[in-house]
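Please read these numbers as outputs of a predicted model, since none were measured by experiment. Chain identifiers are assigned alphabetically (A, B, ...) following the order of the sequence lines, protein sequences preceding nucleic acid strands; residue numbering begins at 1 within each chain.
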Amino acid sequence: MQNKECKPYDPKTIEAKWQKRWADEGTFEAQYPSDKPKFYGLIEFPYPSGAGLHVGHPRSNTAMDIICRKRRMEGYNVLYPIGYDAFGLPTENYAIANHIHPAKVTRDNIARFRSQLKRLGFSFDYSREVDTTDPDYYKWTQWIFLKLNEHGLAYKHEMPINWCTSCKVGLANEEVVGGVCERCGGEVVRKVKSQWMLRITEYAQKLLDGLDTVNFIDKVAIQQRNWIGRSEGAEVDFKIVGRDEKLRVFTTRPDTLFGATYMVLSPEHPLIDAYKGDIKNYGEVAEYREQAARKSDFERTEMNKDKTGVEIKGLCAVNPVNGEEIPIWISDYVLMSYGTGAIMAVPGHDTRDYEFAKTFDLPIVEVIAGGDISQEAYSDVEDGILVNSGFLNGLPVKEAKETITAWLVEKGLGEKKVNYKLRDWIFSRQRYWGEPIPMVLCDTCGAVPVPEDQLPVVLPAVEDYEPTDTGESPLAKMTDWVNTACPQCGGPAKRETDTMPNWAGSSWYFLRYCDPHNDKAFADYEKLSYWMNVDWYNGGMEHTTLHLLYSRFWHRFLYDIGLVPCPEPYQKRTSHGMVLGETGDKMSKSRGNVINPDEYVTEIGADATRMYEMFMGAFDQAIPWNPNGARGCRRFLDRVWRLMDMLNDGEGYRKALTPLMHETIRKVGDDYEAMKYNTAIAQMMTLVNEFYAADGCTKGELKTLLLLLYPVSPHICEEMWEAMGFGSGMTFEPWPEYDEDAMKRSEVEIAIQINGKVRGRIMIDPEMTREQAARELPEHQQVKALVGDRGIVKLIFVPGRNCNIIVK
RNA sequence: GUGGGCAUGGUGGAAUGGCAGACACAAAGGACUUAAAAUCCUUCGCCGCAAGGCAUGCGGGUUCAAGUCCCGCUGCCCGCACCA
C-alpha cells in the first residue's frame, strides 16, 4: 500500500478551476453539424426573480445534468441549454416599488442567476442562452403570434375576464387558483373587456391524441386529459311552445331524455333577451341575472351548496320524446361557457338537478331502475335498466344511449356531440413588462397585423409603467408610440397596448435553443430536424396545465403549418418533488424559510450540494431540507478524496471486490436512468465503505468509482482523475461497462425459514437449483437442527434468497 | 364532491410477492487529543436479563411467504370543482 499524503479536499479551489476550464474550452457546447446521435435534455428555464436561486432549482437542474453528463460519456452529442423566462409581474412590481426600469432589473437578476448556476457546475451550453425579453427573441414570439392570427387562431373578443383587483390585470382561467390570483393572492372579479384570445380549443383533440404518442409520467398525462376534459354526448333541440325557435342543449345522458322534467338556462343565455317581451316576470328574471353577474366566479362556486333560480314564466319547452310541456328556469348553476349554456334537467339521475328540483318542488321522474330516487339521484351508468321511457324501456344505459342518439339524428332533433372543458386562452395582459401584441387597431380596417418586416414591435421606454385603474395597459399613456399609421389603409390608427402573458415566450423557447442566433427565422428547419424533439424534459407539476399545455399547442400549430419537423415537442416528461423548508413547510418568502444554495456551495462545495439534492430522498417526492444531511454528503466526498492516500497495488479489480464493482456499475447506471438518484448514491457509499473495510482500493477500482460519481459531483472527480494521471478531462470518457458473469460469487447466504419464520442463515452455492435444494438442504447440519424430528411437509426454495420449510 | 398520490425507526428514506429498516441524518459510548474540532471504531425499531415475542396507519382476505396483491376503513398531501 502506497502512503503519500494528499493535500486536503478543497472544493472551493477545485470547483473554480474546473468551471473555468470547462468555460474556456467550451466543453459543453453542443455541436452542429455532427455525426453523433443527439440527445436534447431540457429543464424549465428559470424566472430570474430578485431573490436568486433557491435550493429547489438545483434539484431539477442536477437531475438532468446527471443524465446529460452520462449521455456525453455514452457518445451522444448533447444539447443541454439554459435561458431566462424574464417577462412577468414580479419584475415589474419590483421595478415599480424601487423606481428602476424593469429591463435593468431583469439584466441584474439574470447576471446573478447565471453566476449562481455556474457555481453549481451545470453542464449547460451557455453559448445558446436565450432571454425572452431580448427584442431579438421576442421578435419571433410576436412573429408566431402573427402566424396564429393569420390562421384564424387569434381573435379579439369582448368577454368577462378574471380581473385581479390587486395586480390590475386580466388572468387566464389557469391563473386563478381558489378564486384568487395565483401570483399575489388578490381578489379576482369578473370584468368585461375586449381581449385577445387564442383558440386552443381548436386543438383540444390533437392535444389529447398527442398524449398517446409520447412518454409522460402518468400523473402529467392524466392531469392534462382531465383538464382538456373531453366528454361525449348529444345535442338535442327542444321546441319552445308557440315559437319557431328551438332551445338546444348538450347532454352526456341522452338516454335519460324521458326523465327531463324542466330546462335551465344560464343567466347569460341570449334567449332571455330575445324573448324579453314574452317573459311575464321579466323584472324578476332580470334581477336574478344582475345578481349573478355581480358575483365573482369564486362566490358562484362558494355558494354551490344551495341552488338558486327563477322560473321564466311565459315560456315553455316541449320534450321531443314524449311531447310533454316542461317549464324553463334560469339558474347560475348552468354555465354559459360550457355546452350551449342551457341544459335539460333530469332530476332523477343528476345530483345537481335533483337538488334544484327538491329546492323548487319540481317533478322527479325515474327513468333508470336501480336506485332509490326518493332519497337521491341515481346517476350510475354502469348498470341500470331504462323504465318509463317508451321505446327505450328494458335497455341497459349504454344501449339506450346509442338507440336514442340514432333516433334523434334520424328525426332531425339532435346530433352526436363531443364537448371539452378546455377554454380558449385569454392572451391579453394590461401590463408593461411583456411582449407587445403586434397589432394595430384602425377605425376603418379593424385589427390589422403589423407587417413582418416591422417586427419586433419594441417596448417603448416609458416613464411611468404603473398599471392604471381603468384597466388600460400603461402603454396606453405613451401617445407617441400608440398613435401610428394603419399598415393597410395608411390612415390614423392606434397600436394594441395590451401585452402578452408570461406564457408566450416559454411556449417556444426550446425551439430557439436549436438555433439561438438566427435573425432570418425563429430557427432553421434543418437544425430543428436534427435536434427536435426534446428527448427528456423535467419540470414542475405546477406547469402541467399551463406552460406544458400551451407549449404543446404552439408547437403543434407550427407543425401543422410546416415550420417544425415533429408534432409533439417533448418525447419524455418527468417531474421533481418540491424541496421543503427544514420544518417540512413549503418554502416561501413570507415564511422566511427560503434556503439559498450559495450558502451550501460556500460551506460544503457545489459537488456536495449537488449530491445532497439528489440523495435527500425519492426524486418525485417533496422532501424537507436537512442541513446535516447535506454535510453528510460532504463527509462522503472527503472519504472519496482520501482514497488517493489508500491506494493498493494493482491496476484492475481485486477478486473479492469484483462482484460488487460490477453490481455497482449496473445499479448506478440503471438508477440514474430511472431517476432513482438516492439509491444510486447509496450504492456508491456502500462501495466506498467496502474500500475502507478492504484497506483502500486499486487504481482500477478508483477509476470506475470516479466515472460513476462524475455525473453527480463532477469537479472532485475531474480533479482526482487528473491527479491520478488517468487522462485529461472526464466529459467524454466512456461510461463503464459491467459483466453479469463477473457478479457471480462463490457462496451466497440464504435464510432458512421454518413455517414461514426465519430461524437461521446458511451459506450455499449460488447456482443451487430447486431440485438440488430439495435433495441437499434437508441433509444440511444446521437445517437438520432446526427441523428436529418433525416431518418435512413441503420445501420451497427461492434461489439466492431463502428456503421455507413447512414441518408438522 | 371528484381525479391522482401517499402512510415503514427519533428523522430522510431502502426493499423484482422471498431475511423489513439498505444508505444517510440525529443520538449514545469508546479511541486519538492538554482540550476541542476533524477522523476512526462500536451501539442504535419496540418489549424482554434471556430464550423469545411484537412490529411497515386500522380491519379482513389471498399465499408456503404480504410493506408489496385483493376487499373495506381512517388520516394526510396535490389537482379539479355546479363541465350537464
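Between the CZ atom of A:Arg635 and the P atom of B:A24 there is a distance of 10 Å, rounded to whole Å. When rounded to the nearest whole Å, the span between CG of A:Leu247 and P of B:A84 equals 18 Å. In this structure, the CD atom of A:Glu749 is 14 Å from the C1' atom of B:G18, given to the nearest Å. Atom-to-atom, CG of A:Asp585 to P of B:G12 comes out at 14 Å; the value is rounded to the nearest Å.
Note: A:Tyr550 and A:Trp425 have parallel aromatic rings, judged against thresholds of 30 and 60 degrees for the angle between ring planes.
Taking both residues in full, the closest heavy atoms of A:Pro327 and A:Leu362 are given as CG-CD2, 4.3 Å, listed atom of the first, atom of the second, then distance.
Nearest nucleotide to the A:Lys676 side chain, out of B:A15, B:A26, B:A24: B:A15. Relative to the side chain of A:Asn626, the nucleotides B:A22, B:C25, B:A84 differ in distance, and B:C25 lies closest. Each of B:A14, B:G3, B:A20 was ranked by its minimum atom distance to the side chain of A:Ala618; first place goes to B:A14. Among the nucleotides B:A65, B:G12, B:A84, the one closest to the side chain of A:Ile623 is B:G12. Across B:A65, B:G4, B:C19, the shortest atom-to-atom separation from the side chain of A:Arg801 is found for B:C19.
Taking the centre and axis of the six-membered ring of A:Phe356, the NZ or CZ atom of A:Lys307 falls outside the cone set by 45° and 6.0 Å.
The closest side-chain donor-acceptor pair between A:Tyr612 and A:Asn626, if any, does not fall under 3.5 angstrom.
Partners of A:Phe691 by ring-ring contact (aromatic ring centres under 6.0 Å, His included), not counting sequence neighbours: none found.
Atom CD1 of A:Ile368 is separated from atom CZ of A:Phe258 by 11.5 Å, given to the nearest 0.5 angstrom.
Looking at which nucleotide of RNA chain B each of A:Asn802 and A:Ser266 is closest to, the 5′-most match is held by A:Asn802. Residue order along RNA chain B, read from the 5' end via each residue's closest nucleotide, puts A:Ala622 first among A:Tyr333 and A:Ala622.
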Subject >> Pairing annotation in dot-bracket form, given for RNA chain B with Watson-Crick or G-U pairs under 3.5 Å and | for cross-strand partners >> reply: (((((((..(((.....[....))).(((((.......))))).(((....)))..(((((..]....))))))))))))....

